[in-house]
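First up is the structure itself, then whatever we jot down about it.
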Amino acid sequence: MAHRETLQTMLPEAPPPTLRLTVDTDALAHNWRALDKLSGAAEAGAAIKADCYGLGIDTCLPVLRDAGAAQFFVAHWGEVSAAARHVPAEQIAVLHGALNRSEADYARASGAIPVINSVKQAELWTSTGGGPCHVMVDTGINRLGLARSELSNPRVQALDVDVLMSHLACADENSAMNESQLTEFLEAAQSVRHRKLSLANSAGIALGKDYAFDLTRPGLALYGGVPRAGMAQSVRQVAHIEAAIIQCRTLKAGDKVGYNATFTARGPMRVATVSLGYADGFLRSWAGKGALSFEGERLPLLGRVSMDMIVVDLAKAPDLREGDWLDVPYDLPVAAQQSALTQYELLTVLGQRLK
């Protein structure tokens with residue numbers, strides 16, 4: 001191990017990458033403030049799980065903190081330490097809860113707050129010392145959470161509940177289930193002592209003040225996603241991606257491009273191979289639909305998406321050369337329509353080479 005570390009320290013600084021991910025921190029701060037305003041009298045927290053939805057916790061969390069966010073949500077205990085570099089652990093809640101003694105001990109030692117999702121978790125938390133926690137009640141999504149019938153259990157009643165919460169299943173749709181879950185949640189709130197109530201995610205915020213309660217938990221919309229059309233004017237694009245051309249060539253009629261030769265040139269055409277592929281989160285579903293751009297000109301994708309490369313048509317920008325940078329259109333609602341990926345996937349699949 002020592003020999004390996006010595007070799008690493010001897011290596012020169014790596015050349016500049018051929019991929020860029022730029023996080024617009026002004027847009028990120030704007031989005032939190034806009035969502036906090038839309039939350040009305042409620043406080044807006046921030047979901048920062050999955051490395052701030054793929055955009056980097058060290059980049060995003062300080063911005064959200066400085067904008068005013070004070071309650072943060074991750075999924076796994078392994079995400080706590082990175083977040084705690086920027087905010088007190090007591091402001092971090094772990095949505096999966098404490099599943100065993102080691103997780104309960106870690107919660108208590110770190111100060112991070114478990115979200116209790118079952119009677120078993122409630123018993124574990126109390127038997128290992130108790131303390132403040134959040135509780136998730138299931139109101140119809142049937143993932144994590146206590147059933148309403150379990151809320152009267154003495155183990156649950158013994159908890160010191162800071163936030164009683166639930167999660168909307170269809171907030172991005174005009175679904176009758178939204179109102180049904182709201183009713184279920186209001187009734188559940190009568191069964192458990194608590195300090196605060198929280199129901200709305202990003203899309204739920206747009207459903208209005210009845211869904212906001214004391215604390216909202218935006219995630220996707222913080223990072224540029226638009227879960228409901230009515231939020232489009234409030235949310236700004238946060239992630240901007242660029243990729244460099246690494247080779248140009250001129251094809252002749254009949255030349256094929258890429259794996260399985262799915263594209264055939266009909267005549268002479270200038271094309272570019274670009275440093276971007278599915279290992280970077282630009283998935284194969286873009287094939288036949290995607291395009292990069294240069295100064296507003298659309299450069300269609302040709303053939304398949306490879307692991308590290310794609311090929312684009314340079315007809316609209318014939319003077320481009322190796323080393324020139326192309327924009328990867330990443331306005332999330334538009335990109336989702338083009339790629340058949342969800343806005344969540346478009347962010348969270350971004351590869352480490354971009355970061």
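One is the number of the first residue; the rest follow in order along the sequence.
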Any side-chain heavy-atom pair from Asn117 and Asp138 closer than 4.5 angstrom? no
Minimum heavy-atom distance between Cys60 and Val23, given as atom pair plus value: SG-CG1, 4.2 Å
How many angstroms lie between atom CG of Leu276 and atom CE of Met309, to the nearest 0.5 angstrom? 11.0 Å
Has Arg304 got a side-chain atom pairing as donor or acceptor with Asn260's backbone, closer than 3.5 angstrom? no
Between Arg33 and Asp36, is there a side-chain N and carboxylate O pair less than 4.0 Å apart? no
Is Gln237 reaching over with its side chain to a backbone N or O of Ala239, donor-acceptor style, under 3.5 angstrom? yes
With the threshold set at 4.0 Å, does a side-chain nitrogen-carboxylate oxygen contact exist between Asp160 and Arg195? yes
Quick check against the 3.5 Å criterion: does Tyr53 have a side-chain atom that pairs as donor or acceptor with the backbone of Gly224? no
Looking at Gln71 and Glu43, what are the two nearest heavy atoms and their distance? CG-OE2, 3.6 Å
Heavy-atom distance under 4.5 Å between the side chains of Arg236 and Asp24, does that happen here? no
Does Met165 form a side chain to side chain contact (heavy atoms under 4.5 Å, CB included) with Phe73? I'd like the steps, not just the answer. CA-CA 12 Å; Met165 62 180 67; Phe73 298 88; 3.9 Å; yes
Indicate the atoms forming the closest heavy-atom contact of Pro329 with Leu292, along with that distance. CD-CA, 3.9 Å
Which ILVMFWY residues are connected to Leu182, directly or by a chain of links, through side-chain heavy atoms under 4.5 Å apart? Ile116, Val119, Trp125, Val135, Val137, Leu146, Leu151, Val156, Leu159, Val161, Leu164, Leu168, Phe185, Leu186, Val192, Leu197, Leu199, Leu207, Tyr211, Phe213
For Arg193, look at atom CZ and say whether over 12 heavy atoms of other residues, nucleotides or ligands are found less than 6.0 Å away. no
Quick check: do Asp162 and Ile113 have side-chain heavy atoms less than 4.5 Å from each other? no
Quick one: are Ile245 and Phe294 in side-chain contact, heavy atoms under 4.5 Å? no
Classify the ring geometry between His96 and His76 as parallel (under 30°), tilted (30 to 60°) or perpendicular (over 60°). perpendicular
Assess the side chains of Asp327 and His240: does a donor N or O sit below 3.5 Å from an acceptor N or O? no
Hey, are the side chains of Thr128 and Arg101 touching, using non-hydrogen atoms and a 4.5 Å cut-off? yes
Minimal heavy-atom distance between Ile246 and Thr18, with the atoms involved, is CG2-CG2, 4.4 Å
For the residue pair Leu320 and Leu299, establish whether any side-chain heavy-atom pair is separated by less than 4.5 Å. yes
Between the side chains of Asn100 and Ser102, is a donor N or O closer than 3.5 angstrom to an acceptor N or O? yes
Report the relative orientation of the aromatic rings in Tyr106 and Trp77; use parallel for angles under 30°, tilted for 30 to 60°, perpendicular for over 60°. perpendicular
Side-chain donor-acceptor pair present, Thr342, Glu345, cut-off under 3.5 Å: yes
Residues Glu184 and Arg148 bridged, charged N to O under 4.0 Å: yes
For Tyr344, is there any backbone N or O sitting under 3.5 Å from a side-chain donor or acceptor partner on Thr348? yes
Without swapping roles, check the side chain of Ser285 against the backbone of Ser339 for a donor-acceptor pair under 3.5 Å. yes
If you define the side chain from C-beta out and look only at heavy atoms, does anything of Phe282 sit under 4.5 Å from Leu301? yes
Over 12 non-hydrogen atoms of neighbours within 6.0 angstrom of NZ in Lys355: yes
